[in-house]
Amino acid sequence: MKVLAIDCAANLCAACVYDAEAKRELGRSVLDLGKGHAEHLMAVIAEALKAAATNYAGLGAIAVSVGPGSFTGLRVGVSTARGLALALKVPAIGVTTLEALAAEAAVTFPGRAVLAALDAGREEIHAALYDEMSVLTYGPAVTTLADATTMATESSPVLAGTAAAQIAASAGRAFDIGPRTATADILTYARLAAAKGEGERPKPLYLRGADAKPQAGFILSRLGP
């Protein structure tokens with residue numbers, strides 16, 4: 001089965017084609033955009049398909065990073081993945097950025113617990129803790145630097161993600177650290193999705209609500225019955 005993986009969770013607009021049976025990447029395309037994923041994603045997918053010498057008809061599944069990450073990027077990636085899956089009549093499989101980062105850390109430090117943590121701003125951290133068998137034991141959830149530091153101190157995991165250095169500095173001790181990026185390599189998403197198989201339709205993992213909130217002062221009480 002050939003899996004098309006899509007990642008728009010952070011600065012990258014990435015796609016790759018992965019042969020799940022042969023366990024090898026067939027082709028990829030990656031742009032470091034920052035933003036503007038909607039305008040470039042289909043071209044990036046087309047380039048990855050071309051590099052893999054295949055087409056949409058040859059795909060057996062669509063993998064997509066579901067976050068946490070960029071609000072707009074996640075919406076673009078997930079909606080594209082679901083649309084392609086529907087049109088091609090193949091499953092769409094979601095993979096979180098935290099599990100992908102943890103998986104990469106586990107490759108470098110096998111048999112170790114991993115705390116994947118992303119700096120979400122506003123003194124918030126998006127975190128997930130995985131045990132020595134890569135089983136999720138906490139999160140994904142919004143936490144504080146203090147609580148993430150306590151978690152790291154108590155379990156002595158490998159740290160991964162953009163908040164890894166912050167947590168180590170806050171703890172005042174050394175930790176083994178895996179990838180420090182906001183997202184994993186696109187091949188990691190493809191591999192994890194292929195291992196998962198079909199499940200629920202993917203949806204963006206928003207751990208924090210949108211910035212815009214209704215102003216209660218403008219809400220009028222309903223008159224009449």
Rounded distance (nearest 0.5 Å) linking atom SG of C13 with atom CD of E39: 9.5 Å
Side-chain donor/acceptor of T181 to backbone N/O of A184, under 3.5 Å: no
Inter-residue atom distance C16.SG - K2.NZ, 0.5 Å rounding: 13.0 Å
Distance-minimising heavy-atom pair for K196 and G94: NZ-O, 2.9 Å
Residues that, via side-chain heavy atoms closer than 4.5 angstrom, fall in one hydrophobic cluster with L101: L98, L118, Y130, L136
Separation of N11 CG from D32 CG (nearest 0.5 Å): 4.5 Å
R201, CZ atom: more than 12 neighbouring heavy atoms under 6.0 Å: no
Closest approach of S65 to C8 (non-hydrogen atoms, all atoms of both residues): OG-N, 3.6 Å
Which atom of T137 lies closest to which atom of D131, heavy atoms considered: CG2-CB, 3.9 Å
Separation of R112 CZ from L159 CG (nearest 0.5 Å): 9.0 Å
Cluster check I93, L86: I/L/V/M/F/W/Y, side chain < 4.5 angstrom: no
R75 to F71 six-membered ring, cation-pi geometry met (6.0 Å, 45°): no
Nearest non-hydrogen partners of A190 and A63, listed with the distance: CA-CB, 4.5 Å
Co-membership, hydrophobic cluster, residues L4 and V44, 4.5 Å side-chain: no
Distance, nearest 0.5 Å, that separates CD of E124 from OG1 of T144: 9.5 Å
L84-L26 co-clustered via ILVMFWY side chain contacts under 4.5 Å: yes
Residues which pass salt bridge (Lys or Arg N to Asp or Glu O under 4.0 Å) with E25, listed by chain and number, not counting sequence neighbours: R28
H37 side chain vs L12 backbone, donor-acceptor pair below 3.5 Å: yes
Electrostatic pair E104:R191 at N-O distance under 4.0 angstrom: no
Least distance between heavy atoms, A148 atom then I125 atom: CB-CD1, 4.3 Å
Pairwise side-chain contact, M151 with Y138, heavy-atom cut-off 4.5 Å (strictly under): yes
Side-chain (D147) to main-chain (T150) donor-acceptor, under 3.5 angstrom: no
Residues 161-170 side chain polar contacts: donor-acceptor under 3.5 Å, at least two apart:
unit_1: T162; atom_1: OG1; unit_2: D119; atom_2: N; d: 2.9
unit_1: S170; atom_1: OG; unit_2: T149; atom_2: OG1; d: 3.0

For D7, the option from T183, T97, T188 that meets side chain to side chain donor-acceptor pair (under 3.5 Å): T183
Cluster link L145 to L115, ILVMFWY, side chain under 4.5 Å: yes
Closest non-hydrogen atom pair between P91 and G60, with its separation: CD-O, 3.4 Å
Joint hydrophobic cluster, Y56 plus V3, side-chain heavy atoms closer than 4.5 Å: no
